[in-house]
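Here is the structure we will look at, set down as structure tokens.
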Amino acid sequence: YEIRNCDWSSDVCSSDLTKSLGYLMIKVKKRKILLLPGDGIGPEVIAEVKKIINWFNDKKSLDFEIDQELVGGCSYDKHGTPITDEVFYKALESEVIMLGAVGGPTWDNLEFSKKPERALLKLRKELKLFANLRPAICFKQLVDASTLKPEIVSGLDIMIVRELTGGIYFGEPRGIKPIENGERKGINTHTYTTSEITRVARIAFDLARKRSNKVTSCEKSNVMEAGQLWKEEVQELHEKEYKDVELSHMLADNCAMQLLRNPKQFDVIVTDNLFGDMLSDQASMLTGSLGLLPSASLGAKNKDGEMRAMYEPIHGSAPDIAGKGIANPIASILSFAMALRYSLDLDKEADILEKAVQDVLNDGLRTKDIMSEGMKETSTSAMGDAIISKLQ
Ligand code: IPM
Ligand code: MG
């Protein structure tokens with residue numbers, strides 16, 4: 001790998017692993033895309049993304065360099081760890097990581113540090129991908145696929161900005177320990193610092209300015225100190241730098257309710273790691289299916305303008321439908337559209353890819369999860385092929 005000396009206090013990876021290499025840093029290689037299909041339906045949906053990347057390489061002469069590696073349960077099966085050092089370093093040098101999904105019942109009983117999910121969390125944390133963008137858009141063609149009434153969801157366009165490297169997912173102390181009376185105690189810690197809150201809030205405000213200029217910040221300031229700090233810091237940042245953006249604060253439980261009652265009241269929602277996990281799954285059902293929602297996990301730009309980023313569908317590995325060729329690849333394909341837009345500076349290409357998805361839906365093609373009467377049920381790979389023929 002290409003390595004260079006770096007200022008350790010700058011925005012670089014701070015894992016023990018990296019430190020043990022003696023303050024070296026892997027430089028991001030432009031246009032390098034690392035595919036990490038993972039487990040369950042991950043390989044099926046990422047195979048469709050690969051076809052799309054190859055199409056852009058062939059037809060648009062884009063010089064994407066693709067590499068592919070194991071991560072999650074499949075990596076554990078082969079190497080005894082959910083992510084090897086080699087794969088981790090490949091991730092560090094890639095401009096874009098396209099992840100499928102990790103996990104499944106086969107690996108449920110593994111010791112915590114070996115669980116497939118640890119690979120994903122390590123990538124997020126060590127690559128400092130603190131801002132997770134999860135857009136929930138209800139395509140007009142799919143208004144009927146939602147379990148909610150059409151008038152509630154049609155025209156819906158929300159952006160959930162989830163904090164991704166802090167909060168209870170990573171707080172210390174954590175663990176399970178025996179206590180005096182023979183019982184055990186499970187411990188997790190929820191913490192946030194000023195800078196962790198403001199850097200993600202800044203992303204939300206900046207995004208809002210390009211959308212409908214409204215941010216709703218969600219926490220549980222009524223019961224958690226970390227929630228109270230969240231609210232205060234967002235408010236202060238707003239007063240200092242973003243007065244032009246409309247800001248409201250909402251308790252996270254109320255937000256869950258409002259998302260079902262009147263989701264179109266929201267533009268950008270900014271919230272912590274755990275609430276963002278839950279609220280984004282909930283928001284996905286407003287759009288018809290979990291199989292439609294892409295996501296982008298972004299780090300900060302360093303002084304050379306490099307940014308690490310990972311793109312993944314918000315759905316999981318769906319072991320119940322894995323291997324059947326029925327998974328919906330749209331969330332992954334739209335995740336690649338986000339990569340074109342946010343990492344690769346290819347807005348026009350992102351537009352045509354998003355339009356190709358729309359066109360295929362207009363033609364009535366549907367994977368099983370979004371199938372409805374009168375539509376044409378199609379497989380995972382046929383959906384990918386149809387999107388490519390629209391690109392054509
Ligand atoms: C998500 C997923 C992950 C999370 C899991 C797979 C660790 O649910 O990306 O929303 O909890 O963050
Ligand atoms: Mg989730």
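By convention here, the first residue in the shown sequence is residue 1. In listed order, ligands and their atoms are each counted from 1.
Remark: D272 does not engage R162 in a salt bridge, criterion side-chain N to carboxylate O under 4.0 Å. One finds no salt bridge joining E373 and R366 here, because no Lys/Arg side-chain nitrogen approaches an Asp/Glu carboxylate oxygen to under 4.0 Å.
For R118, the heavy-atom gap to ligand 1 stays at 4.0 angstrom or more.
Atom CD of E225 has 12 or fewer heavy atoms from other residues, nucleotides or ligands within 6.0 Å.
D277 contributes OD1 as its N, O or S atom closest to the Mg ion (ligand 2).
The proximity of R124 to ligand 1, defined as any non-hydrogen pair under 4.0 Å, is limited to the side chain. Only side-chain heavy atoms of R162 come within less than 4.0 Å of ligand 1; its backbone N, CA, C and O stay farther off.
The nearest non-hydrogen atom to atom 1 (C) of ligand 1, considering only R134, E117, M278, H315, comes from R134.
Among the atoms of D277, some N or O lies under 3.5 angstrom from an N or O of ligand 1.
Scanning the protein heavy atoms around atom 6 (C) of ligand 1, the nearest turns out to be L120 CD2, 3.9 Å. Of all protein heavy atoms, the one lying nearest to atom 4 (C) of ligand 1 is Y169 OH, 3.4 Å.
Across S221 and K231, no two heavy atoms sit closer than the pair OG-CD, 3.7 Å.
When side chains are defined from C-beta on, E69 does not count as touching F88, because their heavy atoms never get closer than 4.5 Å.
Each of E236, E241, E196 was evaluated against R202; a single residue qualifies, E241, per the salt bridge (Lys or Arg N to Asp or Glu O under 4.0 Å) test. Partner E95 forms a salt bridge (Lys or Arg N to Asp or Glu O under 4.0 Å) with one of K30, K27, K32 and no other, that one being K30.
The distance from the Mg ion (ligand 2) to the nearest N/O/S atom of D281 is not under 2.8 Å.
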